[in-house]
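Numbering of ligands and ligand atoms starts at 1, following listing order.
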Amino acid sequence: MGAIVDNLQAVRARIAAAALHAGRDPATIGLLAVSKTFGADAVIAARAAGQQAFGENYVQEAVDKIAQVDDPGIEWHFIGPLQSNKTRPVAEHFHWVHSVSSLRIAQRLSDQRPAGLGPLSICLQVNVSGEATKAGVSEAELPALAQAVAALPGLRLRGLMCIPAPADGMDAQRRPFARLAQMLRRLQVAGLAVDTLSMGMSDDLEAAIAEGATWVRVGTAIFGVRTPAAAPSGDPEERT
Ligand SMILES: *Cc1c(COP(=O)(O)O)cnc(C)c1O
(Lines give C-alpha, C1' and ligand atoms only; values in the text may rest on other atoms or scores of the structure.)
Protein backbone atom coordinates (compact mmCIF):
# COMPACT_ATOMS: atom_id res chain seq x y z
CA MET A 1 0.00 0.00 0.00
CA GLY A 2 3.07 2.25 0.16
CA ALA A 3 2.70 2.74 -3.57
CA ILE A 4 -0.71 4.36 -3.08
CA VAL A 5 0.79 7.06 -0.88
CA ASP A 6 3.53 7.78 -3.45
CA ASN A 7 1.08 7.67 -6.35
CA LEU A 8 -1.28 10.09 -4.61
CA GLN A 9 1.58 12.49 -4.07
CA ALA A 10 2.56 12.24 -7.73
CA VAL A 11 -1.02 12.87 -8.90
CA ARG A 12 -1.35 15.87 -6.59
CA ALA A 13 1.88 17.22 -8.05
CA ARG A 14 0.51 16.77 -11.59
CA ILE A 15 -2.66 18.64 -10.62
CA ALA A 16 -0.67 21.47 -9.04
CA ALA A 17 1.62 21.77 -12.07
CA ALA A 18 -1.31 21.77 -14.50
CA ALA A 19 -3.12 24.38 -12.41
CA LEU A 20 -0.04 26.59 -12.30
CA HIS A 21 0.36 26.25 -16.06
CA ALA A 22 -3.28 27.23 -16.57
CA GLY A 23 -3.06 30.14 -14.12
CA ARG A 24 -5.56 28.47 -11.81
CA ASP A 25 -5.62 28.00 -8.05
CA PRO A 26 -5.00 24.26 -7.41
CA ALA A 27 -7.47 24.45 -4.51
CA THR A 28 -10.29 24.83 -7.08
CA ILE A 29 -9.57 21.35 -8.48
CA GLY A 30 -10.83 18.35 -6.51
CA LEU A 31 -9.21 14.94 -6.77
CA LEU A 32 -11.63 12.06 -6.93
CA ALA A 33 -9.81 8.77 -6.25
CA VAL A 34 -11.53 6.13 -8.38
CA SER A 35 -11.33 2.97 -6.28
CA LYS A 36 -13.54 0.68 -8.40
CA THR A 37 -12.36 -2.96 -8.39
CA PHE A 38 -9.98 -2.24 -5.48
CA GLY A 39 -10.78 -3.33 -1.94
CA ALA A 40 -11.57 -1.45 1.25
CA ASP A 41 -7.89 -1.74 2.21
CA ALA A 42 -6.90 0.44 -0.76
CA VAL A 43 -9.47 3.08 0.21
CA ILE A 44 -8.28 3.04 3.81
CA ALA A 45 -4.64 3.46 2.68
CA ALA A 46 -5.51 6.43 0.47
CA ARG A 47 -7.65 7.92 3.22
CA ALA A 48 -4.73 7.67 5.65
CA ALA A 49 -2.71 9.66 3.09
CA GLY A 50 -5.27 12.46 3.28
CA GLN A 51 -7.56 11.55 0.37
CA GLN A 52 -11.18 12.46 1.10
CA ALA A 53 -13.30 11.87 -2.04
CA PHE A 54 -13.68 8.44 -3.66
CA GLY A 55 -15.40 7.40 -6.88
CA GLU A 56 -17.12 4.08 -7.51
CA ASN A 57 -18.75 2.60 -10.62
CA TYR A 58 -20.59 -0.55 -9.56
CA VAL A 59 -23.48 -0.30 -7.11
CA GLN A 60 -23.18 -3.53 -5.15
CA GLU A 61 -19.38 -3.39 -4.95
CA ALA A 62 -19.62 0.21 -3.73
CA VAL A 63 -22.29 -0.38 -1.10
CA ASP A 64 -20.30 -3.29 0.35
CA LYS A 65 -17.09 -1.22 0.35
CA ILE A 66 -18.74 1.81 1.96
CA ALA A 67 -19.93 -0.44 4.82
CA GLN A 68 -16.49 -2.05 5.20
CA VAL A 69 -14.59 1.24 5.19
CA ASP A 70 -17.19 2.77 7.54
CA ASP A 71 -15.64 6.25 7.58
CA PRO A 72 -18.08 9.18 7.88
CA GLY A 73 -15.32 11.57 6.81
CA ILE A 74 -15.28 10.15 3.27
CA GLU A 75 -17.29 11.72 0.46
CA TRP A 76 -18.55 8.99 -1.92
CA HIS A 77 -19.18 9.73 -5.59
CA PHE A 78 -21.05 7.41 -7.94
CA ILE A 79 -19.58 7.74 -11.45
CA GLY A 80 -20.72 4.58 -13.30
CA PRO A 81 -23.66 3.62 -15.47
CA LEU A 82 -26.82 3.62 -13.38
CA GLN A 83 -29.81 1.39 -14.07
CA SER A 84 -33.19 2.46 -12.75
CA ASN A 85 -33.55 -0.62 -10.51
CA LYS A 86 -30.32 0.33 -8.67
CA THR A 87 -31.01 3.98 -7.87
CA ARG A 88 -32.15 3.45 -4.26
CA PRO A 89 -28.82 2.32 -2.74
CA VAL A 90 -27.09 5.13 -4.65
CA ALA A 91 -29.54 7.72 -3.29
CA GLU A 92 -29.01 6.35 0.22
CA HIS A 93 -25.22 5.92 0.35
CA PHE A 94 -23.60 8.52 -1.91
CA HIS A 95 -22.95 12.26 -1.70
CA TRP A 96 -22.64 12.83 -5.46
CA VAL A 97 -23.69 11.14 -8.71
CA HIS A 98 -21.70 12.22 -11.80
CA SER A 99 -23.36 9.97 -14.38
CA VAL A 100 -27.00 11.09 -14.64
CA SER A 101 -28.22 11.31 -18.24
CA SER A 102 -31.99 10.85 -18.06
CA LEU A 103 -34.87 12.52 -16.24
CA ARG A 104 -36.24 9.11 -15.25
CA ILE A 105 -33.08 8.25 -13.28
CA ALA A 106 -32.93 11.75 -11.79
CA GLN A 107 -36.54 11.55 -10.64
CA ARG A 108 -35.97 8.23 -8.92
CA LEU A 109 -32.83 9.52 -7.17
CA SER A 110 -34.76 12.58 -6.01
CA ASP A 111 -37.72 10.54 -4.73
CA GLN A 112 -35.45 8.01 -3.00
CA ARG A 113 -33.05 10.48 -1.39
CA PRO A 114 -33.51 10.24 2.41
CA ALA A 115 -34.67 13.65 3.65
CA GLY A 116 -32.16 13.72 6.51
CA LEU A 117 -29.19 13.58 4.15
CA GLY A 118 -29.87 16.80 2.25
CA PRO A 119 -29.93 17.03 -1.54
CA LEU A 120 -27.78 14.66 -3.58
CA SER A 121 -25.24 16.55 -5.72
CA ILE A 122 -25.66 15.75 -9.41
CA CYS A 123 -23.62 16.10 -12.59
CA LEU A 124 -25.21 15.41 -15.94
CA GLN A 125 -23.07 13.17 -18.13
CA VAL A 126 -22.78 14.57 -21.64
CA ASN A 127 -21.88 12.51 -24.69
CA VAL A 128 -19.19 14.81 -26.08
CA SER A 129 -17.82 12.32 -28.58
CA GLY A 130 -21.15 11.81 -30.31
CA GLU A 131 -20.72 8.06 -30.54
CA ALA A 132 -23.97 6.14 -30.54
CA THR A 133 -22.62 3.60 -28.08
CA LYS A 134 -21.35 6.08 -25.49
CA ALA A 135 -23.43 6.97 -22.46
CA GLY A 136 -24.61 10.49 -21.80
CA VAL A 137 -27.15 13.08 -22.89
CA SER A 138 -26.62 14.79 -26.25
CA GLU A 139 -25.68 18.47 -26.40
CA ALA A 140 -29.06 19.19 -28.01
CA GLU A 141 -31.03 17.56 -25.19
CA LEU A 142 -28.87 18.97 -22.38
CA PRO A 143 -30.58 22.35 -21.69
CA ALA A 144 -34.06 20.88 -21.16
CA LEU A 145 -32.72 18.03 -19.01
CA ALA A 146 -30.70 20.47 -16.89
CA GLN A 147 -33.73 22.67 -16.22
CA ALA A 148 -35.85 19.64 -15.27
CA VAL A 149 -33.21 18.15 -12.98
CA ALA A 150 -32.54 21.51 -11.31
CA ALA A 151 -36.21 21.59 -10.27
CA LEU A 152 -36.15 18.24 -8.41
CA PRO A 153 -36.28 18.72 -4.62
CA GLY A 154 -34.06 15.80 -3.60
CA LEU A 155 -31.21 16.81 -5.91
CA ARG A 156 -28.84 19.72 -6.35
CA LEU A 157 -27.63 20.12 -9.92
CA ARG A 158 -23.91 20.97 -9.73
CA GLY A 159 -22.66 20.71 -13.30
CA LEU A 160 -21.49 18.45 -16.11
CA MET A 161 -19.36 15.34 -16.59
CA CYS A 162 -17.85 13.71 -19.67
CA ILE A 163 -15.71 10.74 -20.70
CA PRO A 164 -14.33 11.63 -24.14
CA ALA A 165 -13.02 9.00 -26.53
CA PRO A 166 -9.30 8.52 -25.91
CA ALA A 167 -7.17 10.97 -27.91
CA ASP A 168 -3.46 11.53 -28.36
CA GLY A 169 -1.86 14.88 -27.74
CA MET A 170 -2.86 17.88 -25.70
CA ASP A 171 -4.79 19.70 -28.45
CA ALA A 172 -6.98 16.72 -29.32
CA GLN A 173 -7.57 15.98 -25.64
CA ARG A 174 -8.55 19.58 -24.86
CA ARG A 175 -11.21 19.92 -27.57
CA PRO A 176 -14.05 17.90 -25.96
CA PHE A 177 -13.26 19.39 -22.54
CA ALA A 178 -13.51 22.89 -24.02
CA ARG A 179 -16.92 22.00 -25.45
CA LEU A 180 -18.14 20.75 -22.07
CA ALA A 181 -16.93 23.97 -20.43
CA GLN A 182 -18.83 25.99 -23.03
CA MET A 183 -21.99 23.97 -22.33
CA LEU A 184 -21.62 24.75 -18.63
CA ARG A 185 -21.32 28.48 -19.37
CA ARG A 186 -24.51 28.34 -21.46
CA LEU A 187 -26.38 26.74 -18.55
CA GLN A 188 -25.06 29.51 -16.28
CA VAL A 189 -26.27 32.15 -18.75
CA ALA A 190 -29.66 30.39 -18.74
CA GLY A 191 -29.82 31.03 -15.00
CA LEU A 192 -28.71 27.75 -13.47
CA ALA A 193 -26.38 27.88 -10.44
CA VAL A 194 -23.94 25.27 -11.75
CA ASP A 195 -20.23 25.35 -10.94
CA THR A 196 -18.81 21.88 -11.59
CA LEU A 197 -16.89 20.31 -14.47
CA SER A 198 -16.11 16.64 -13.77
CA MET A 199 -13.57 15.81 -16.47
CA GLY A 200 -10.11 14.32 -16.83
CA MET A 201 -8.73 10.91 -15.84
CA SER A 202 -5.26 9.38 -15.42
CA ASP A 203 -4.26 9.98 -19.04
CA ASP A 204 -5.77 13.40 -19.74
CA LEU A 205 -6.10 15.31 -16.47
CA GLU A 206 -3.71 18.07 -17.63
CA ALA A 207 -5.88 18.78 -20.67
CA ALA A 208 -9.01 18.83 -18.50
CA ILE A 209 -7.48 21.22 -15.98
CA ALA A 210 -6.42 23.51 -18.83
CA GLU A 211 -10.10 23.71 -19.81
CA GLY A 212 -11.49 24.29 -16.33
CA ALA A 213 -12.02 20.91 -14.65
CA THR A 214 -13.16 21.18 -11.02
CA TRP A 215 -13.10 17.40 -10.39
CA VAL A 216 -10.57 15.09 -11.98
CA ARG A 217 -11.42 11.39 -11.61
CA VAL A 218 -8.23 9.36 -11.26
CA GLY A 219 -8.03 5.59 -10.83
CA THR A 220 -5.04 3.89 -12.46
CA ALA A 221 -2.49 6.57 -11.56
CA ILE A 222 -3.38 6.13 -7.85
CA PHE A 223 -4.30 2.47 -7.38
CA GLY A 224 -2.56 0.83 -10.35
CA VAL A 225 -3.85 -1.07 -13.36
CA ARG A 226 -7.21 -2.73 -12.90
CA THR A 227 -7.15 -6.44 -13.68
CA PRO A 228 -10.25 -8.54 -14.37
CA ALA A 229 -9.14 -10.80 -11.51
CA ALA A 230 -9.36 -7.84 -9.13
CA ALA A 231 -12.94 -7.14 -10.18
CA PRO A 232 -15.66 -8.58 -7.95
CA SER A 233 -18.36 -10.70 -9.50
CA GLY A 234 -21.45 -8.75 -10.38
CA ASP A 235 -23.76 -7.71 -13.14
CA PRO A 236 -21.58 -7.79 -16.28
CA GLU A 237 -23.93 -5.34 -18.01
CA GLU A 238 -22.92 -2.71 -15.52
CA ARG A 239 -19.27 -2.91 -16.46
CA THR A 240 -17.54 -0.31 -18.59
C1 LIG B 1 -12.64 4.16 -14.26
C2 LIG B 1 -13.08 5.57 -14.41
C3 LIG B 1 -12.21 6.64 -14.17
C4 LIG B 1 -10.74 6.46 -13.83
O5 LIG B 1 -10.04 6.12 -14.98
P6 LIG B 1 -8.42 5.97 -14.95
O7 LIG B 1 -8.07 6.01 -16.37
O8 LIG B 1 -8.14 4.65 -14.30
O9 LIG B 1 -7.89 7.11 -14.20
C10 LIG B 1 -12.72 7.92 -14.27
N11 LIG B 1 -14.01 8.14 -14.59
C12 LIG B 1 -14.87 7.15 -14.83
C13 LIG B 1 -16.28 7.46 -15.16
C14 LIG B 1 -14.43 5.82 -14.77
O15 LIG B 1 -15.31 4.85 -15.05
Side-chain angles (χ1 to χ4, degrees), residues 3-4 6-15 18 29-39 42-43 45-46 49 51-63 65 75-83 86 90 94-102 105 121-129 131 133-137 158-170 172-173 176-177 180 196-209 211-232 234-240:
I4 291 179
D6 296 342
N7 291 347
L8 262 175
Q9 234 164 39
V11 169
R12 289 190 191 120
R14 280 176 66 188
I15 292 170
I29 302 153
L31 172 58
L32 193 54
V34 178
S35 44
K36 65 182 176 197
T37 79
F38 291 94
V43 173
Q51 179 61 31
Q52 206 216 337
F54 291 84
E56 290 283 339
N57 283 55
Y58 313 117
V59 177
Q60 194 54 55
E61 175 194 336
V63 169
K65 205 179 298 178
E75 188 174 88
W76 292 99
H77 295 237
F78 190 79
I79 62 173
L82 186 49
Q83 297 160 347
K86 304 232 174 103
V90 171
F94 284 83
H95 301 84
W96 285 67
V97 180
H98 293 229
S99 46
V100 171
S101 58
S102 76
I105 294 284
S121 285
I122 297 292
C123 291
L124 299 177
Q125 182 174 352
V126 180
N127 180 354
V128 284
S129 301
E131 297 158 60
T133 54
K134 278 269 164 69
V137 64
R158 303 297 300 270
L160 303 177
M161 179 272 229
C162 71
I163 312 172
D168 284 329
M170 192 70 165
Q173 288 181 352
F177 295 141
L180 197 73
T196 300
L197 285 170
S198 169
M199 58 190 197
M201 319 202 301
S202 292
D203 290 335
D204 56 12
L205 68 89
E206 284 83 2
I209 288 170
E211 296 296 346
T214 62
W215 280 116
V216 290
R217 309 178 309 268
V218 180
T220 309
I222 296 172
F223 296 108
V225 175
R226 291 179 291 276
T227 59
D235 182 352
E237 284 175 25
E238 251 190 45
R239 310 237 151 232
T240 50

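Atoms of ligand 1 found under 4.0 Å from any heavy atom of N57, numbered from 1 in the order shown, are 14 (C), 15 (O). Each of the following atoms of ligand 1 lies closer than 4.0 Å to a heavy atom of V218: 9 (O). Heavy-atom proximity to T220, at under 4.0 Å, picks out these atoms of ligand 1: 6 (P), 7 (O), 8 (O), 9 (O). Atoms of ligand 1 lying under 4.0 Å from at least one heavy atom of I79, given by number and element, are 11 (N), 12 (C), 13 (C), 14 (C). Atoms of ligand 1 found under 4.0 Å from any heavy atom of G219 (numbered from 1 in listed order, with element): 4 (C), 6 (P), 8 (O), 9 (O).
Under the rule for a salt bridge (Lys or Arg N to Asp or Glu O under 4.0 Å), the partners of R158 that lie at least two apart in sequence or sit in another chain are D195. Looking at residues two or more places apart in sequence or on another chain, you find no salt bridge (Lys or Arg N to Asp or Glu O under 4.0 Å) involving R12.
Atom CG in L124 sits 10.5 Å away from atom CE in M161 (nearest 0.5 Å).
With a 4.0 Å heavy-atom cut-off, ligand 1 is reached by no atom of H98. Heavy atoms of I163 found under 4.0 angstrom from ligand 1 belong exclusively to the side chain.
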- Quick one: do H95 and H77 satisfy ring pair (Phe, Tyr, Trp, His ring centres under 6.0 Å)? Show the steps, please. CA-CA 6 Å; H95 301 84; H77 295 237; 7.5 Å; no
- Candidate pair N127 and V137, rule side-chain contact (heavy atoms from CB on, under 4.5 Å), full reasoning: CA-CA 6 Å; N127 180 354; V137 64; over 6 Å; no
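Put simply, the side chain of S129 never gets that close to the backbone of P164: no donor and acceptor are under 3.5 Å apart.
Selection from Q125, K36, R217 by nearest heavy atom to atom 2 (C) of ligand 1 gives K36.
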